[in-house]
Structures are given as C-alpha cells and as structure tokens.
Amino acid sequence: MDVTKLPFNEFIGLKLSDEPNYLLMLDDKAEYLNHLNTVHAGALFTLAEATSGHYLLGQFDELPDIVPVVRKVEIKYRKPAIGAVYSNAAFLNTGKSEVLEALAQKGRVLLEVEVSLYDCSGTTVMQAVFEWFVTKR
C-alpha cells in the first residue's frame, strides 16, 4: 500500500521524499501555514501519522494480510517548521523479528513507531510515538 495514495494524504499533498535520507515530505506551500506563518500543527501531525504507517507497512511488505490501527499518539512539537518538512521513522523498544514472532504466535501485536520531522535545514521540528495495534486478517 502506498500511503501517499490514500485519499486524505493525497488531498493534503503528502509525497515520497525527494531527499534520500527521509521517507515522506510536505512541500513548502502557503496552504500549510498557520497564523504565525509556520507549518500548521495539523499538517505536521498528518505527515507524522502517514510516515508511521508508511514505515510500518514497509517493514512487513511480505505480510499482506496484516491490519494496522493507531491506538495512541504522543507528540512533542520542538521548533516552528518553516518551508518543506521531511520525515523519518523507526521501531521503538522492539525490532522486526520480535514483531514477526508475536504475529506468528498470537496473530496480533502492539508496537511503537517513533517519527521525527525535520525542516529543510535538518532541524528537528517534531517527534512523535505512535502506538499501533497490528493483527492478521
């Protein structure tokens, strides 16, 4: 699944990163700005959530029968974002092998994905931890 093709993400304008060290991005557009002329918190959250799902699905592309659902999110906005925003993600407190083992044994697992967002200068503008419930169909 390509998360950039989901209707809401497509509407917002999320896309795969044009920088090789990142996963997804939001372009520098006036539509993303808030009352302070920085990137709106909602736009940043949308990028972070999509990045979390993109990372998760990319780790388990050999398991097309999983259904991931976000259960909980913890967010810290660190600095105002100006211009294009880029994202990265990684598992937190687990690894792919542990997740695969839990899915094989129980058919479901709770896991956390940490997402970091960066402005075009590489400054961290937001960090979030997404808790996912993943089950087999």
Side-chain angles (χ1 to χ4, degrees):
M1 171 188 291
D2 180 352
V3 299
T4 65
K5 300 301 180 198
L6 293 172
F8 183 73
N9 293 343
E10 203 166 37
F11 173 74
I12 293 295
L14 291 179
K15 62 185 194 177
L16 296 175
S17 176
D18 61 7
E19 295 287 333
N21 296 327
Y22 300 107
L23 297 175
L24 301 178
M25 67 177 290
L26 281 173
D27 283 322
D28 182 4
K29 289 185 174 181
E31 293 85 359
Y32 300 139
L33 300 181
N34 61 21
H35 64 292
L36 301 173
N37 283 327
T38 61
V39 181
H40 193 283
L44 295 174
F45 176 83
T46 299
L47 175 59
E49 190 274 338
T51 299
S52 179
H54 176 74
Y55 176 79
L56 181 65
L57 291 171
Q59 295 300 305
F60 303 109
D61 53 1
E62 74 272 14
L63 298 176
D65 61 339
I66 63 167
V67 179
V69 179
V70 173
R71 287 193 50 186
K72 182 171 67 172
V73 183
E74 183 179 317
I75 301 170
K76 179 157 186 161
Y77 295 96
R78 297 193 168 277
K79 300 233 179 206
I82 298 172
V85 182
Y86 298 88
S87 65
N88 267 329
F91 286 126
L92 186 64
N93 302 319
T94 194
K96 183 176 179 175
S97 60
E98 292 92 350
V99 173
L100 288 171
E101 184 177 323
L103 283 171
Q105 289 181 358
K106 299 177 186 174
R108 66 189 185 285
V109 66
L110 277 177
L111 60 89
E112 293 178 319
V113 175
E114 183 176 46
V115 175
S116 297
L117 303 184
Y118 307 90
D119 66 14
C120 55
S121 71
T123 301
T124 304
V125 297
M126 183 184 129
Q127 288 183 298
V129 175
F130 289 81
E131 181 182 85
W132 287 88
F133 174 74
V134 182
T135 187
K136 289 183 173 182
R137 286 183 205 228

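All of these numbers come straight from a predicted model, not from anything done at the bench.
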Review point. Under 4.5 Å between any side-chain heavy atoms of Val125 and Tyr77, yes or no?
Key: no
Review point. Under 3.5 Å, is there a donor-acceptor pair between the side chain of Tyr22 and the main chain of Val85?
Key: no
Review point. So which heavy atom on Leu47 is nearest to which on Ser87, and how close?
Key: CD1-OG, 4.1 Å
Review point. Does Leu57 share a hydrophobic cluster with Leu24, counting links as ILVMFWY side-chain heavy atoms below 4.5 Å and allowing steps through other members?
Key: yes
Point to revise | Gly122 to Tyr118 - nearest heavy-atom pair and separation | key: O-CD2, 3.5 Å
Exercise for review: Please examine the side chains of Ile75 and Leu44, heavy atoms only from C-beta on, and report whether any two atoms are closer than 4.5 Å.
Suggested key: no
Study note, to complete from the structure: Distance col, row Lys76:NZ vs Glu74:CD, nearest 0.5 angstrom, shows 9.5 Å
Exercise for review: Looking only at non-hydrogen atoms, find the nearest pair between Val115 and Ala48 and report the distance.
Suggested key: CG2-O, 3.7 Å
Check your understanding: Which pair of heavy atoms, one from Leu23 and one from Ala89, lies closest together, and at what distance?
Key -> CD1-N, 3.8 Å
Exercise for review: Sort out for me which residue in Asp18, Thr51, Asp119 forms a side chain to side chain donor-acceptor pair (under 3.5 Å) with Tyr86.
Suggested key: Asp18
Check your understanding: Rounded to the nearest 0.5 Å, what separation is found between the CD atom of Glu10 and the NZ atom of Lys15?
Key -> 13.0 Å
Review point. Got Val73 and Glu49 here, is their nearest side-chain heavy-atom distance under 4.5 Å?
Key: no
Exercise for review: Determine whether Met1 and Leu6 make a side-chain contact, defined as any pair of heavy atoms from C-beta on separated by less than 4.5 Å.
Suggested key: yes
Could you go through residues 130-137 and list every donor-acceptor pair under 3.5 Å that involves a side-chain atom there, pairing it with any protein atom two or more places apart or in another chain?
| unit_1 | atom_1 | unit_2 | atom_2 | d |
| --- | --- | --- | --- | --- |
| Trp132 | NE1 | Ser52 | OG | 2.6 |
| Thr135 | OG1 | Gly107 | O | 3.2 |

Exercise for review: Would you name the heavy atoms of Leu26 and Ala43 that are closest together and state the gap between them?
Suggested key: CD1-O, 3.5 Å
Exercise for review: Flag yes if Leu14 and Leu16 sit in one hydrophobic cluster, no otherwise; membership is Ile, Leu, Val, Met, Phe, Trp, Tyr, and two members link when side-chain heavy atoms are under 4.5 Å apart.
Suggested key: yes
Exercise for review: Check the hydrophobic clustering (I, L, V, M, F, W, Y; side-chain heavy atoms under 4.5 Å; chains of links allowed) and say if Tyr55 and Leu92 are grouped together.
Suggested key: no
Check your understanding: Would one find more than 12 heavy atoms of other residues, nucleotides or ligands at under 6.0 Å from atom NZ of Lys79?
Key -> no
Exercise for review: Look only at the side chain of Asp27 and the backbone of Lys29, and say whether a donor-acceptor pair between them is shorter than 3.5 Å.
Suggested key: no
Practice item. Linking directly or through intermediates, with side-chain heavy atoms under 4.5 Å: list the remaining ILVMFWY members grouped with Leu33, chain and number order. Key: none
Review point. Any donor-acceptor pair under 3.5 Å linking the side chain of Asn88 with the backbone of Asn21?
Key: yes
**Study point:** Heavy-atom pair of closest approach, residues Val3 and Gly53
**Key:** CG1-C, 4.2 Å
Practice item. To the nearest 0.5 angstrom, please state how far the OG1 atom of Thr4 sits from the CE atom of Met25. Key: 12.5 Å
Review point. Which residues pass the side chain to side chain donor-acceptor pair (under 3.5 Å) test with Arg71, sequence neighbours left out?
Key: none
Check your understanding: Are side-chain heavy atoms of Leu100 and Phe60 found at a separation under 4.5 Å?
Key -> yes
Practice item. Flag yes if more than 12 heavy atoms outside Glu98 fall under 6.0 Å of its CD atom; otherwise flag no. Key: yes
Review point. Given the rule that I, L, V, M, F, W and Y join up when any side-chain heavy atoms are under 4.5 Å apart, are Val70 and Val113 in one cluster?
Key: yes
Check your understanding: With hydrophobic residues grouped by side-chain heavy-atom distances under 4.5 Å, do Phe8 and Val39 end up in a single group?
Key -> yes
Check your understanding: Under 4.5 Å between any side-chain heavy atoms of Thr38 and Ile82, yes or no?
Key -> yes
Check your understanding: Do His40 and Tyr32 come close enough that some side-chain heavy atom pair is under 4.5 Å?
Key -> no
**Study point:** 4.5 Å side-chain heavy-atom contact, Gln127 and Arg78
**Key:** yes
